[in-house]
Every structure is written in structure tokens, then in C-alpha cells.
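First up is the structure itself, then whatever we jot down about it.
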Amino acid sequence: MPELASVSAVPLVVLTAVHLFCLACVWGGVAGVGRRVLEPGVLLLLGIGAAGIGAAVVFGHPAESQLYFLEAARPYLSVAAVCGVLAARQRVAWGRAAWLATAGAGVRCWCRRWSSGAGRWCGW
């Protein structure tokens with residue numbers, strides 16, 4: 001039996017799921033594209049991104065050079081994320097989003113202050 005055939009697929013599935021979760025966090029603005037996903041330009045951007053992610057997952061190389069496929073797709077996914085944020089700006093109450101961001105920053109500072117014990121505000 002070939003060496004790769006005897007290796008379990010579980011690590012690959014777990015790492016793929018973690019990687020896709022991280023990509024969803026970074027390029028979460030793509031979720032706001034909505035109906036614009038069928039426009040040819042946005043569809044091209046998302047297709048390039050999906051091809052880069054797929055190539056990074058499918059191909060393997062000892063020096064990890066398959067990650068250049070993902071690096072090449074990164075700008076296109078970023079542009080698609082910006083398109084999603086711009087498309088969603090009409091549907092989002094920005095006052096509420098600003099309040100949530102401020103509350104999140106406050107919680108971060110509070111947690112950092114109490115965990116460090118140094119008495120500095122926000123650890124700075």
C-alpha cells in the first residue's frame with residue numbers, strides 16, 4: 001500500500017475546516033454580497049478565490065509551495081469582501097455596529113487589564 005494511502009484523512013479534514021473558518025473570519029464581508037453574487041465581476045472574484053483555496057487544499061508539496069495559490073487569490077477575495085461590505089452598508093444600522101465595536105474594545109481592555117495585573121490600562 002502506498003504511504004499516503006495509509007495515512008488517515010482526519011487531520012486533513014480538520015485542518016481544512018479550521019482554515020476555512022479562518023478565511024471566513026478574514027473575508028467575512030463576502031457574506032454581504034447578497035444578490036450581487038450573480039454579477040459577472042463579483043462571480044469572477046469569488047471563483048478565483050475558490051480556485052486558490054481549492055488548489056491550496058488539494059495539492060501538497062514538502063516545502064508548502066502550494067500556499068502560493070492561496071496568496072495569489074488573496075487580493076481578489078479582499079476585493080470581494082469590500083464589495084460585500086459596500087453592498088451591506090445600506091442594510092446595516094451603522095450606529096449599532098459602532099456601539100458594538102466600542103463595547104468589544106472595552107471588554108478587551110477590561111480583560112487585558114485584569115489578566116495582566118500590571119495596573120496599566122489596556123496593557124499599554
From [atom1] ([X]) to [atom2] ([Y]), nearest 0.5 Å:
X     : Y     : atom1 : atom2 : value
Glu39 : Leu44 : CD    : CG    : 12.5 Å
Leu67 : Arg74 : CG    : CZ    : 10.0 Å
Ile48 : Leu77 : CD1   : CG    : 9.0 Å

In terms of hydrophobic clustering (I, L, V, M, F, W, Y; side-chain heavy atoms under 4.5 Å; direct or indirect links), are Val82 and Val79 co-clustered?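 No.
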Give a yes or no on whether Leu38 and Val42 share a hydrophobic cluster (residues Ile, Leu, Val, Met, Phe, Trp, Tyr; joining criterion: side-chain heavy atoms under 4.5 Å apart).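 Leu38 clusters together with Val42.
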Between Gly49 and Ala73, which heavy-atom pair has the shortest distance, and what is it?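 Shortest heavy-atom separation between Gly49 and Ala73 comes out as CA-CB, 3.9 Å.
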Can you name the closest pair of heavy atoms from Phe69 and Ala56 and give their distance?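 Closest approach of Phe69 to Ala56: CB-N, 4.3 Å.
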Taking the side chain as C-beta and beyond, is there a heavy-atom pair between Ile53 and Leu70 under 4.5 Å?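 Heavy-atom side-chain distance check passes, below 4.5 Å.
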